[in-house]
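Each remark here refers to the structure printed beneath this line.
Not measured: the values here are computed from a predicted model. In this chain, numbering begins with 1 at the start of the sequence shown.
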Amino acid sequence: MPSPTLPALIEALRRLPGVGQKTASRMAYHLLQHDREGAQLLAQALQQAASRMRHCALCHTFTEDEVCETCRNPQRDRSKLCVVETPADQAAVERTGAFRGLYFVLMGKLSPLDGIGPKDIGLSTLFERATAGEVQEVILATNFTAEGEATAHVIGEALKARGLKVTRLARGVPAGSELEYVDLGTIAHALVDRR
């Protein structure tokens with residue numbers, strides 16, 4: 001009877017997004033056959049991250065502290081609040097170096113078909129934070145999917161009704177691209193949002 005250890009490892013790897021049975025098997029066999037040290041490092045890093053990381057009490061991104069470094073930084077512009085769907089989105093915006101304000105991570109997007117409503121992504125907490133006094137502009141940086149657009153619309157309307165300035169990330173033709181290779185939806189949005 002084969003040991004349940006290898007199938008358990010493969011099943012654990014399949015939990016990663018975009019990883020199917022074949023990829024998970026290939027990863028498991030590679031780690032066990034060619035990189036035992038890498039497997040140990042991966043196991044330790046996962047264990048430490050799972051036990052130490054939590055959500056920031058203010059913005060909901062990942063941190064080891066009660067409040068993340070960005071929210072604690074007195075050099076950040078507290079009049080601007082950028083709303084993103086996930087901690088990965090927040091990290092992507094932060095890597096650009098173009099935004100010096102604060103963030104609010106929704107931890108998802110509205111998706112009525114999946115049963116995800118305003119309470120599930122913390123909209124009441126967002127509205128409290130945005131209207132607490134310091135914030136003058138809320139930048140909606142949700143993804144340009146149907147759910148992301150719906151989420152941005154709901155948040156935008158609610159915040160405008162509360163008297164806040166609300167802006168949305170611009171969308172358009174990527175720098176360095178040739179128009180003939182850009183999808184038609186992107187070109188259409190670039191024409192509408194032209195400046």
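A cation-pi arrangement is present between R162 and F127 under the rule of less than 6.0 angstrom and at most 45 degrees off the ring axis.
Checking side-chain atoms of E85 against main-chain N and O of N143 turns up a donor-acceptor pair under 3.5 Å. The main-chain N or O of I116 is never found under 3.5 Å from a side-chain atom of D114 such that the two would form a donor-acceptor pair. Formation of a donor-acceptor pair under 3.5 Å by the S51 side chain with backbone atoms of Q47 is found in this model.
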Point to revise | Candidate pair Q136 and K165, rule side-chain contact (heavy atoms from CB on, under 4.5 Å), full reasoning | key: CA-CA 6 Å; Q136 295 173 11; K165 177 182 178 184; over 6 Å; no
Exercise for review: In sequence, state the C-alpha distance, the side-chain angles, and the governing distance for Q48 and M53, and then conclude on side-chain contact (heavy atoms from CB on, under 4.5 Å).
Suggested key: CA-CA 8 Å; Q48 287 179 356; M53 298 302 288; over 6 Å; no
Practice item. Start with the C-alpha gap between E134 and R76, add the side-chain angles, then the distance that decides, and say whether salt bridge (charged side-chain N to carboxylate O under 4.0 Å, His left out) holds. Key: CA-CA 12 Å; E134 286 185 301; R76 301 300 290 218; over 6 Å; no
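Of the residues listed (H60, E66, E64), the one engaging R54 in a side-chain hydrogen bond (donor to acceptor under 3.5 Å, both in side chains) is E66, and it is the only one.
Counting heavy-atom neighbours within 6.0 Å of H30 NE2, excluding the residue itself, gives a total above 12. When the shell of 6.0 Å around CD of E11 is examined, it contains more than 12 heavy atoms from other residues, nucleotides or ligands. Residue F144 qualifies as enclosed at atom CZ: its count of foreign heavy atoms under 6.0 Å is above 12.
Side chains of L9 and T5 form no contact here, defined as non-hydrogen atoms less than 4.5 Å apart.
Between the side chains of T23 and R14, no donor N or O sits under 3.5 Å from an acceptor N or O.
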